[in-house]
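The basis for the numbers below is simple: all heavy atoms, side chains too, and nothing from hydrogens, waters or symmetry mates. Keep in mind the model is a prediction, meaning the values are calculated, not measured. Protein chains get the first letters and strands the later ones, always in sequence-line order, with residue 1 at the start of each.
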Protein chains: 2
Amino acid sequence: MSKNIRIVLIEDDDILRMGYESLLSDVEEFSVVSSYASYDLAKKQLEQDHPDVILLDIQMPGTNGLQALPFIKKMLPNSNIIILTVFDSPELVFEALTMGAGGYLTKNSSSAKIIDAVREVSTGGGAMSTNVARIVMHSFQKNLNSPLTKRETEILDRIANGQTKSQIANELFIDQETVRSHVKNIYIKLDVNSKSEAIKTAKEKRFI
Amino acid sequence: MSKNIRIVLIEDDDILRMGYESLLSDVEEFSVVSSYASYDLAKKQLEQDHPDVILLDIQMPGTNGLQALPFIKKMLPNSNIIILTVFDSPELVFEALTMGAGGYLTKNSSSAKIIDAVREVSTGGGAMSTNVARIVMHSFQKNLNSPLTKRETEILDRIANGQTKSQIANELFIDQETVRSHVKNIYIKLDVNSKSEAIKTAKEKRFI
DNA sequence: AAAATATCCCCCATTTCGGGGGATAGCTTT
DNA sequence: AAAGCTATCCCCCGAAATGGGGGATATTTT
């Protein structure tokens with residue numbers, strides 16, 4: 001009947017680890033079942049801990065947090081992992097998210113934010129600090145000043161999805177020669193002369 | 001010298017609009033310079049308002065918020081737009097973010113969250129409510145149980161970026177025939193027999 | 001020992017690609 | 001009214017890529 005959220009901490013800094021433990025233990029529906037100074041120390045016991053939420057540091061002796069992520073996910077598919085780190089580079093954020101992290105908090109996060117995040121991810125949700133949200137949102141933004149027309153963008157998008165010109169022609173109900181014309185114009189506008197260059201340039205400049 | 005944040009509200013519900021206006025006006029560094037019941041009513045005056053942040057509803061009479069987004073971005077490239085809506089479908093969220101929204105809040109957000117969000121986006125940051133964060137994070141997660149090996153994933157990824165087999169062979173320092181072998185295996189595993197099908201299937205199942 | 005993986009080889013017909021040269025109709029901007 | 005852009009369609013060409021078939025070998029993993 002008590003909806004207890006079982007938490008495991010993996011954080012090499014003793015002071016921080018104790019701080020988090022104390023912070024989270026004070027929340028009624030939370031129980032910190034274990035805390036470890038590294039993944040290598042944690043891995044043998046993680047399964048018995050069967051935590052709902054794992055707070056995971058990236059920087060650690062031995063296997064680091066990002067390397068540990070897929071192993072933890074495989075061992076405990078139903079646990080939700082929050083990355084808790086000082087780093088907020090786009091590369092690390094995206095890697096963590098694609099690897100299945102349910103949250104990404106930087107260590108300047110307030111106590112309230114951390115507690116909220118644990119609650120949120122324990123129900124399968126997502127949580128991120130504002131600087132991470134900033135990174136993630138920028139990764140979505142398309143360039144609104146694309147030199148490509150709607151039609152050209154549509155066609156380049158399909159090319160980027162592996163479609164051939166004849167497939168595109170069929171699906172858009174236009175002639176293959178029309179597609180070819182558009183592609184020629186795309187190449188001129190992007191100053192490229194092959195499919196892969198066009199895709200690369202367009203993605204870099206966020207035209208598609 | 002006062003770092004006043006100029007805010008414009010575009011929200012058709014009178015009660016809500018007044019509520020937000022009152023909420024935000026009470027914050028010292030905020031000033032709500034205008035509020036409108038629709039984009040169509042707002043557009044002639046938006047330029048003079050030169051707001052730092054615009055809170056924008058989606059559902060509105062006339063031009064809706066998502067349709068208005070690119071026009072506002074073009075007219076006021078330096079303004080930051082927060083979508084504030086009851087809807088949180090992935091399609092709407094992604095459309096808003098790709099169109100350049102700096103934030104996406106659902107209307108169940110607390111007053112504190114809304115105020116935080118305005119502060120955050122006014123500095124070019126990102127803000128989203130937890131349910132939106134959930135959607136966004138899920139969109140990043142790769143399938144960790146891909147049938148494809150590392151090498152196969154690497155190759156399919158390059159194919160999805162428009163590279164030909166010979167280009168891939170060169171960059172990976174392997175023979176074109178080796179690439180061909182991998183591709184054959186990829187096709188068998190994904191049960192497809194063409195590039196575009198492979199990309200489509202792999203993207204759907206989040207193998208790449 | 002068996003299976004999976006990564007590497008390489010040959011044959012073949014078909015399709016696609018990119019470069020070149022156009023045209024036409026419609027719509028917008030100047 | 002002229003110029004420009006857009007979307008549509010047409011022809012020529014040779015080179016490259018594709019997908020299907022048949023293998024082999026060495027290393028790792030199970």
Side-chain angles (χ1 to χ4, degrees), chain A residues 43 67 70-71 74-75 142-203 205 207-208, chain B residues 70-71 74-75 142-203 205 207-208:
Chain A
K43 60 183 164 193
Q67 294 165 335
F71 293 110
K74 201 140 280 178
M75 195 195 308
K142 294 255 156 79
N143 188 330
L144 298 175
N145 296 313
S146 170
L148 304 181
T149 67
K150 238 188 183 135
R151 201 52 151 178
E152 287 163 354
T153 305
E154 164 80 25
I155 287 172
L156 186 51
D157 201 76
R158 286 169 181 271
I159 289 176
N161 277 301
Q163 293 193 288
T164 66
K165 291 170 183 53
S166 55
Q167 286 175 320
I168 296 171
N170 284 330
E171 293 189 15
L172 295 183
F173 305 108
I174 56 178
D175 197 280
Q176 315 199 7
E177 284 300 325
T178 305
V179 178
R180 245 170 70 69
S181 284
H182 286 307
V183 172
K184 286 177 188 174
N185 290 328
I186 292 169
Y187 286 4
I188 292 169
K189 286 181 179 178
L190 300 187
D191 190 27
V192 297
N193 55 6
S194 75
K195 200 192 292 197
S196 60
E197 285 178 295
I199 294 172
K200 190 164 161 257
T201 303
K203 283 191 176 173
K205 303 195 171 177
F207 296 154
I208 55 170
Chain B
F71 292 111
K74 199 140 282 181
M75 196 194 309
K142 294 257 155 80
N143 188 331
L144 297 174
N145 295 312
S146 170
L148 303 181
T149 67
K150 235 184 184 138
R151 201 52 152 176
E152 287 162 355
T153 305
E154 163 80 24
I155 286 172
L156 185 51
D157 201 75
R158 286 168 180 272
I159 289 176
N161 278 301
Q163 292 193 284
T164 65
K165 292 172 181 53
S166 55
Q167 286 175 319
I168 297 171
N170 284 330
E171 292 189 15
L172 296 183
F173 304 106
I174 55 179
D175 197 279
Q176 316 200 6
E177 284 301 323
T178 306
V179 178
R180 248 170 69 69
S181 284
H182 286 306
V183 172
K184 286 177 187 175
N185 290 327
I186 292 169
Y187 286 5
I188 292 169
K189 286 181 178 178
L190 300 187
D191 191 28
V192 298
N193 55 6
S194 76
K195 197 192 292 198
S196 60
E197 284 178 295
I199 294 173
K200 189 164 162 256
T201 303
K203 282 191 175 173
K205 302 195 171 177
F207 297 154
I208 56 171

* Looking only at side-chain N and O atoms, does A/T164 come under 4.0 Å of OP1 or OP2 in C/dC17? -> no
* Salt bridge or not for A/R180 and A/E177, using N-O below 4.0 Å? -> yes
* Structure fact -> Of the candidates D/dT18, D/dT6, C/dT5, the side chain of B/K165 sits closest to D/dT18
* **Polar side-chain contact B/E177-C/dC10 base: donor and acceptor under 3.5 Å** => yes
* **5'-most by nearest nucleotide on DNA chain C - B/P147 or B/I174** => B/P147
* Euclidean distance, B/I208 CD1 relative to B/I186 CD1, rounded to 0.5 Å -> 9.5 Å
* Asked: For B/I186 and D/dG20, what is the distance between atoms CD1 and P respectively, to the nearest whole Å?
  -> 13 Å
* Answer yes or no: does a side-chain N or O of B/T178 lie under 4.0 Å from OP1 or OP2 of C/dA6? => no
* If each of A/S181 and B/V183 is mapped to the nucleotide of DNA chain D with the nearest heavy atom, which maps nearer the 5' terminus, i.e. the 5' end? -> A/S181
* So, are A/K150 and A/E154 salt-bridged, with charged N and O less than 4.0 Å apart? -> no
* To do: For D/dT6, take OP1 and OP2 only and decide whether either is under 4.0 Å from a side-chain N or O of A/H182.
  => no
* **Atom pair distance, as rounded to whole Å: CD in A/Q163 and P in C/dT15** => 18 Å
* Rounded off to whole Å, could you give me the NZ-to-C1' distance for the B/K195 and C/dT15 pair? => 11 Å
* **Under 4.0 angstrom between B/N193 side-chain N/O and D/dG20 OP1 or OP2** => yes
* Asked: Think B/T149 has a side-chain N or O under 4.0 angstrom from the OP1 or OP2 of C/dA6?
  -> yes
* To do: Name the closest nucleotide to the A/E152 side chain, picking from D/dC10, C/dT16, D/dA7.
  => D/dA7
* Asked: Which heavy atom in A/L190 sits nearest to a heavy atom in A/A198, and how many Å separate them?
  -> CD1-O, 3.8 Å
* **A/V183, A/D191, A/N185 screened by side chain to side chain contact (heavy atoms under 4.5 Å, CB included) with A/Y187, the one that passes** => A/V183
* To do: Check the distance between D/dG22's C1' and B/I188's CD1 and give it to me in whole angstrom.
  => 13 Å
* Asked: To the nearest Å, how far apart are A/Q167 CD and C/dC17 C1'?
  -> 14 Å
* Taking atom types as they are modelled, is there a donor-acceptor pair under 3.5 Å from the base of C/dG20 to the side chain of A/K184? -> yes
* Any donor-acceptor N/O pair under 3.5 Å between D/dG21 base and B/R180 side chain -> yes
